[in-house]
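Hydrogens, waters and symmetry mates are skipped; everything else that's a heavy atom, side chains included, is used.
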Amino acid sequence: MKKVILLISACLLSIGHTFAQSKQVTIKAGTIVPMQSVNTVLARDVEEGQTVDFRVSQDIYVNDCCAIPRGTLVKGKVTEARKSSLAGTKGRLGINISGLTLANGDQIFFSNTDVRLSGKNRTPLAVVTGLLLWPCIFIPGTKAVMPAGYEVQGTVASTVNVTTE
């Protein structure tokens, strides 16, 4: 009987200790959140409005508490996707990262966190060589590519309180 009571007491203490670990911290506006793209994204393969995944690349600590854990998934939205085309026109890729949602449901919004990538413009080369050799007008510009692991920094838009575990 003593063992059962001791076991129940230990369980209740550990549950109370678990709840005591959670506390609220304040993430200040302007805090930098480093992220990396999860997959390689080519402008020709995505459409505007599609989502692209990023992950937080390092823990963000506030008052010795991990406010944003490394590996937190962040969703970006494609705002521009233009593939390279004939006559040397370059590809363009634009992605907006508006914020992230923590595992407990707390949201953190970013300000001006846009990714803008473009290929090289080969229009002059295509036009000049096209004047000499007609088929050269079909030289395309280079593709817009965001490789996996591409680093982006998000800036917290406004001061926010979050619950840590």
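Rounded to the nearest 0.5 Å, atoms OG1 (T101) and CD (Q107) are 4.0 Å apart.
A 4.5 Å side-chain heavy-atom check between V115 and L93 finds every atom pair outside the cut-off. Between T159 and I27, the closest side-chain pair of non-hydrogen atoms is not below 4.5 Å. L73 places a side-chain heavy atom less than 4.5 Å from the side chain of R55. Between V33 and V156, some side-chain heavy-atom pair lies under the 4.5 Å cut-off. Residues T40 and Y150 have side chains not in contact (no heavy-atom distance under 4.5 Å, counting atoms from C-beta outward).
Taking K77 as the reference, nothing meets the salt bridge (Lys or Arg N to Asp or Glu O under 4.0 Å) condition, with sequence neighbours excluded. Every side-chain hydrogen bond (donor to acceptor under 3.5 Å, both in side chains) that N104 has, sequence neighbours left out, goes to D106. For D53, the salt bridge (Lys or Arg N to Asp or Glu O under 4.0 Å) partners two or more places apart in sequence, or in a different chain, are K75. Taking N96 as the reference, D114 meet the side-chain hydrogen bond (donor to acceptor under 3.5 Å, both in side chains) condition, with sequence neighbours excluded. Annotation: side-chain contact (heavy atoms from CB on, under 4.5 Å) contacts of Q50 (sequence neighbours excluded): V46, E47, V78. For N161, the side-chain hydrogen bond (donor to acceptor under 3.5 Å, both in side chains) test picks out T26, with sequence neighbours left out. Listed by chain and residue number, T79 satisfy the side-chain hydrogen bond (donor to acceptor under 3.5 Å, both in side chains) test with R116 (two or more places apart in sequence, or in another chain). Take T113 and apply the side-chain contact (heavy atoms from CB on, under 4.5 Å) test, not counting sequence neighbours, and it matches M35, I97, F110, V152.
No path of Ile, Leu, Val, Met, Phe, Trp and Tyr side chains, each step under 4.5 Å between heavy atoms, connects F109 with V52, placing them in separate hydrophobic clusters. By the rule that hydrophobic residues join a cluster once side-chain heavy atoms approach within less than 4.5 Å of another member, M146 and V38 end up as members of separate clusters.
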Name each donor-acceptor pair under 3.5 Å that joins a side chain in residues 58-70 to protein atoms two or more places apart or in another chain, with its distance.
| residue | atom | partner | partner atom | Å |
| --- | --- | --- | --- | --- |
| D59 | OD1 | R70 | N | 2.5 |
| R70 | NE | S57 | O | 3.3 |

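Judged by distance alone, with hydrogens and angles left aside, the side-chain atoms of S37 form a donor-acceptor pair with the main-chain N or O of G149 at under 3.5 Å.
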Next item on the list: Check the pair V162 / L102 against side chain to side chain contact (heavy atoms under 4.5 Å, CB included), numbers first and verdict last.
Entry: CA-CA 9 Å; V162 296; L102 297 172; 3.9 Å; yes
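Residues A29 and A157 share a closest heavy-atom pair of CB-O, 3.7 Å.
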